[in-house]
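Written out below as C-alpha cells is the structure these notes cover.
In this text the structure is predicted, and so the values were computed from the model without any measurement.
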Amino acid sequence: IVLENDLYRTGEQNEIDELFDSCTNLIVLDRLHNPTTGKADVVIPVGTFAEADGTMVNNEGRAQCFFQVYMPKNEHIRESWRWLSELNQLKSGETDKDPATPHQLMEQLVNEMPQFKGVENVMPSAGLRINDQKIPREPHRYSGRTAMLANQNVSEPKPPTDTDTPLSFTMEGFKGIPPAPLTPFFWSAGWNSGQSVNKFQTEIGGPLIGGDPGVRLFHNSNQNQPVYFNKIPAHFKRVSGEWLLIPLPHIFGSEELSMYTKGVAERSPRPYIAIGKKDAANLNVDEGEVLNVKIGPNEYHLPVQIKEELGQGTAGLPYNLKELTGIYWPAKGVLTKS
C-alpha cells in the first residue's frame with residue numbers, strides 16, 4: 001500500500017521498479033496521477049487538503065488540525081484515513097460498525113502509540129456547539145450562494161451535512177469569535193479582511209485569543225540534546241571519468257503539484273545538463289550541444305548549459321522535472337559527447 005506518495009520522486013528508478021515488480025498487489029491511494037499510480041493494480045481516489053479533515057505536526061512538534069473547505073462533487077472521493085479505516089473494517093468483518101470520526105481516530109492513535117499523547121486534544125469533538133450552534137465556514141457576505149446551482153434548480157439545495165467537525169458548510173451559525181483552532185476566516189466590521197486579524201489577537205501581532213492552536217507533542221530539554229552538524233562530509237575529490245550530479249531547483253518545474261497546472265508547466269525549463277567551463281573544454285562541447293548522461297543503467301541525451309559556478313567533476317540536472325524523476329540524489333554519472 002502506497003499512501004499519497006510518488007516513490008519515483010524520492011528513490012532510484014530501477015530500485016522502485018524492482019520493488020513494484022515484486023508486489024503481488026499494489027494499492028495506491030492518491031489524488032493525482034503520477035508514475036506510482038501508473039504501476040498500481042488498484043488506485044483509490046483521496047481528497048486533497050481542501051477536501052479532507054486531518055491533523056498535521058509542524059517543525060516545532062505542534063500538532064494542529066485542519067478542516068475540509070468544501071464537499072467534493074464525486075462522493076467516492078474521501079480522506080485516505082477514511083478509506084483505510086473502511087478497508088480495516090472489511091478485513092475484520094466489522095462492516096456494520098459506524099465509521100470513526102477524526103476525533104475518535106486520534107484517541108485510537110494514542111492508545112496504539114502513546115508517544116503521540118496529547119494529539120487527541122487537538123481535533124475538537126464533532127458535537128461541540130457554541131450557543132447550540134455550529135461555526136459557519138462561510139462569512140455572512142458569502143455572495144452568490146443562491147445562484148451557484150441555479151442552472152440546475154432555482155430552489156437552493158440543502159447544504160452538505162458535516163458529521164465530523166463542529167463546522168457547517170453554510171453562512172448560518174455562531175457569529176462571534178470562535179475558539180482559535182476553529183477560526184475559518186477573519187472578518188471584522190470596518191476592517192479589510194487581512195487587517196481584521198488584529199481583532200482576533202490579544203494584541204496586535206500577539207497570539208490569538210484563546211492561545212495558539214494545537215498541542216506541543218514534545219518540548220526541548222537540557223538533557224540529551226541532539227548534536228547537529230557533526231557529520232560533515234569529506235571535501236569533494238574528483239574521480240577521473242565520473243561526475244557528481246547535483247540537483248538544481250527551479251522556481252517553475254521542481255515543485256510537484258504546480259506542474260499539473262498548464263501555465264506553470266509552460267514556464268518550467270526543458271531537461272539539460274549543466275557543467276563548468278573547464279569540463280566543457282575537456283569534453284569539447286559548447287552551449288547547446290548534446291551530452292550523453294549515464295546514471296546507472298539509465299541514459300539521457302541532454303543539451304549543455306555552461307555554469308561558471310560549477311567546479312570540475314560536478315554537473316547539475318534540473319531537480320524533479322517529469323522527464324528526470326527516478327534519480328536518487330546526489331547521483332554519480334558518466335558524461336560523454338554525443
Polar side-chain atom of Asn58 near backbone of Glu60 as donor-acceptor pair, under 3.5 Å = yes
Among pairs that include at least one residue of residues 160-213, which meet ring pair (Phe, Tyr, Trp, His ring centres under 6.0 Å), considering only residues two or more places apart or in two chains?
-> His140-Trp187, Phe186-Phe200
For Leu182 and Pro124, the nearest pair of non-hydrogen atoms, with its separation, is CD2-CG, 3.5 Å
With no hydrogens and no angle check, is any side-chain donor or acceptor of Lys134 less than 3.5 Å from a backbone partner on Thr165?
-> yes
Worked verdict on Ser268 versus Met259 for side-chain contact (heavy atoms from CB on, under 4.5 Å) | CA-CA 8 Å; Ser268 67; Met259 283 298 288; 3.6 Å; yes
Indicate yes or no for a side-chain donor-acceptor contact from Tyr260 to the backbone of His33 under 3.5 Å, with no hydrogens or angles considered.
-> yes
Among Val304, Leu248, Leu324, Leu317, side-chain contact (heavy atoms from CB on, under 4.5 Å) partner for Tyr272 | Leu248
Within a reach of under 6.0 Å around CG of Asp132, are more than 12 heavy atoms found that belong to other residues, nucleotides or ligands?
-> no
Sidechain-backbone polar pair: Glu255 side chain, Leu257 backbone, donor-acceptor under 3.5 Å = yes
Quick check: does any side chain N or O of Glu79 sit under 3.5 Å from a backbone N or O of Trp81, one acting as donor and the other as acceptor?
-> no
Could you verify whether a donor N or O on one side chain and an acceptor N or O on the other, from Tyr8 and Asp17, lie under 3.5 Å apart?
-> yes
Under 3.5 Å: donor-acceptor pair, side chain of His301, backbone of Asn292 = no
Does the pair Glu51 and Arg78 meet the rule for a salt bridge (charged side-chain N to carboxylate O under 4.0 Å, His left out), with working shown?
-> CA-CA 7 Å; Glu51 300 165 327; Arg78 60 193 74 178; over 6 Å; no
When you measure from the side chain of Glu12 to the backbone N and O of Glu15, does any donor-acceptor pair fall under 3.5 Å?
-> yes
Can Lys39 and Asp6 be counted as an ion pair, charged N to O under 4.0 angstrom?
-> no
Which pairs, with at least one residue in residues 109-131 and sequence neighbours excluded, count as a ring pair (Phe, Tyr, Trp, His ring centres under 6.0 Å)?
-> none
Quick check: are there more than 12 heavy atoms from other residues, nucleotides or ligands sitting under 6.0 Å from CD of Glu18?
-> no
Under 3.5 Å donor-acceptor, Glu289 side chain and Asp286 backbone = yes
Can you tell me if Asn88 and Ser85 form a side-chain donor-acceptor pair at under 3.5 Å?
-> no
Please check if the side chain of Asn198 supplies one atom and the backbone of Gln195 the other of a donor-acceptor pair under 3.5 Å.
-> yes
Minimum-distance pair of heavy atoms, taken over all atoms of Leu149 and Pro157 | CD1-CG, 3.4 Å
Do Asp279 side-chain atoms and Gly313 backbone N/O form a donor-acceptor pair below 3.5 Å?
-> yes
Shortest non-hydrogen contact from Gly214 toward Gln64 | CA-CG, 4.0 Å
Smallest separation among heavy atoms of Ser254 and Asn320, with atom names = O-CB, 3.8 Å
Salt bridge (charged side-chain N to carboxylate O under 4.0 Å, His left out) filter on Arg129, not counting sequence neighbours, yields none
